[in-house]
Protein chains: 2
Amino acid sequence: MAVGVPDKARAEVGRRDVFDKDCPARTILDKVTSRWGVLILAALRDGPMRFHVLRDRIGGISEKMLSQNLRTFTEYGLLERTVEPTIPPRVSYELTPRGHEIADRLQGLLEWVQANAEEVVRFQQGTRPLDHDDGPRLPTTK
Amino acid sequence: MAVGVPDKARAEVGRRDVFDKDCPARTILDKVTSRWGVLILAALRDGPMRFHVLRDRIGGISEKMLSQNLRTFTEYGLLERTVEPTIPPRVSYELTPRGHEIADRLQGLLEWVQANAEEVVRFQQGTRPLDHDDGPRLPTTK
DNA sequence: CGGTATCCCATGCGATACTG
DNA sequence: CAGTATCGCATGGGATACCG
């Protein structure tokens with residue numbers, strides 16, 4: 001049976017709200033906030049970096065994912081790819097002005113998470129995972 | 001994925017960096033920057049909201065995803081869940097102070113993406129696409 | 001009304017292998 | 001060095017059905 005095929009024909013982009021499911025900003029947002037996207041863009045705030053440096057900087061990323069994200073962001077105009085015609089070739093990536101704008105906003109998020117991660121985890125572990133009964137510590141006086 | 005690192009007491013525990021793959025902040029970051037996480041937290045900046053209102057506000061989200069994210073963030077201490085013992089019950093969610101901090105950072109990102117999405121898309125389309133087609137999804141011939 | 005449980009598929013991502 | 005191609009699995013996420 002045919003799977004529901006959402007028609008790709010978008011008449012016009014009248015939707016400008018990210019909360020609208022047809023808004024093109026959704027696509028951008030998903031890429032930018034993807035698992036590696038945030039880290040890649042944030043890492044490049046320090047300046048231009050070559051492939052391997054970037055790979056080394058971001059722990060756990062595979063070449064495939066790095067390459068894939070890098071290409072996407074380059075196509076989005078958030079990164080600029082520079083190739084030095086040497087042998088072996090040196091390829092470096094750097095944020096475009098537009099890329100910088102978004103990376104700066106990502107940085108704030110990253111810093112917060114970094115600074116508060118332990119607190120959040122501690123809170124989470126102090127909370128009972130799944131219980132229908134309201135916790136005794138939660139005041140029902142409302 | 002046990003690559004090794006069986007030592008529970010790492011020598012450099014102080015090196016808690018989001019770029020480190022073992023950093024707990026990675027988990028938090030992934031949840032917060034998940035497809036719906038960003039939108040949910042940002043939406044709640046406007047104030048407490050009930051389940052259906054939130055669902056209506058965020059276009060395209062399923063009840064399952066909304067519920068799942070809401071629970072996770074509540075367990076993280078980013079949201080507070082309030083139940084009014086009426087019939088039928090009214091459940092509302094609101095940002096905790098900690099939730100507000102992160103939501104504010106998310107908001108800046110959202111606003112930027114919203115404001116620049118069209119430019120990014122235009123740039124992307126003006127870029128010579130690589131031979132690999134980036135189609136939405138193609139049902140496998142089966 | 002506000003969920004939770006189940007099924008199932010689409011996608012993200014990692015591992016490996018190969019190329020210029 | 002800097003990728004790309006392929007395979008395969010784990011997980012995110014949608015649709016549906018049911019419960020307090």
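Quick note: numbers below take in every heavy atom, side chains included, and nothing from hydrogens, waters or symmetry partners. In what follows, every chain begins at residue 1, and chains take the letters A, B, ... in the order their sequences are listed.
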Inset, instruction - Write down the distance between CD1 (B:I87) and P (C:dG2), rounded to a whole number of angstrom. - result: 14 Å
Legend entry - Same cluster (ILVMFWY, side-chain, under 4.5 Å), A:V83 and A:M49: yes
Legend entry - Within one Ile-Leu-Val-Met-Phe-Trp-Tyr cluster: B:I28 and A:F123, side-chain cutoff 4.5 Å: no
Legend entry - Whole angstrom value for the distance that separates P of C:dA5 from CE of B:M65: 13 Å
Inset, instruction - Consider the side chain of A:R81, meaning its heavy atoms from C-beta on, and name the nucleotide among C:dC7, C:dG14, D:dA2 that approaches it most closely. - result: D:dA2
Legend entry - Options C:dG20, D:dG3, C:dG14, nucleotide nearest the side-chain atoms of A:V91: D:dG3
Inset, instruction - Taking only the side-chain heavy atoms of A:R50 (C-beta and beyond), determine which of C:dC1, D:dC1, D:dG14 contains the nearest atom. - result: D:dC1
Inset, instruction - Scan B:G37 against the nucleic acid and name what it touches under 4.0 Å (heavy atoms): base, sugar-phosphate only, or nothing. - result: nothing
Legend entry - Nucleotide nearest B:F51 when distance is taken to its side chain, options C:dG3, C:dC1, D:dA15: C:dG3
Inset, instruction - Output the single nucleotide from D:dT4, C:dC13, C:dG2 whose closest atom is nearest the side chain of B:H52. - result: C:dG2
Inset, instruction - Write down the distance between NZ (B:K64) and C1' (D:dA15), rounded to a whole number of angstrom. - result: 9 Å
Inset, instruction - Return the value, rounded to whole Å, for the distance between atom CD of B:Q68 and atom C1' of C:dG2. - result: 16 Å
Inset, instruction - Compare the minimum distances between each of C:dA15, D:dG3, D:dA2 and the side chain of A:Y93, then state the nucleotide with the smallest one. - result: D:dG3
Legend entry - Nearest-nucleotide comparison on DNA chain C, the residue closer to the 5′ end among A:E63 and B:L70: B:L70
Inset, instruction - Between B:N69 and A:P88, just flag the one whose closest nucleotide in DNA chain D comes earlier from the 5' side. - result: A:P88
Inset, instruction - Consider the side chain of A:R71, meaning its heavy atoms from C-beta on, and name the nucleotide among D:dT4, D:dC1, C:dG14 that approaches it most closely. - result: D:dT4
Inset, instruction - Write down the distance between CZ (B:R55) and P (D:dA15), rounded to a whole number of angstrom. - result: 10 Å
Legend entry - Interatomic distance, B:L54 CG vs C:dC1 P [rounded to whole Å]: 16 Å
Legend entry - Whole-Å gap separating C1' (D:dA2) and CZ (A:R90): 13 Å
Legend entry - Distance, nearest 0.5 Å, that separates CG of B:L41 from CG of B:L79: 6.0 Å
Legend entry - N or O in side chain of A:S67 less than 4.0 angstrom from D:dG3 OP1/OP2: no
Legend entry - Point-to-point distance, once rounded to the nearest 0.5 Å, from OH of A:Y93 to CG of A:L66: 7.5 Å
Legend entry - Exceeds 12 heavy-atom contacts within 6.0 angstrom, atom CZ of A:R90: no
Legend entry - Whole angstrom value for the distance that separates P of D:dC1 from CD of A:E84: 14 Å
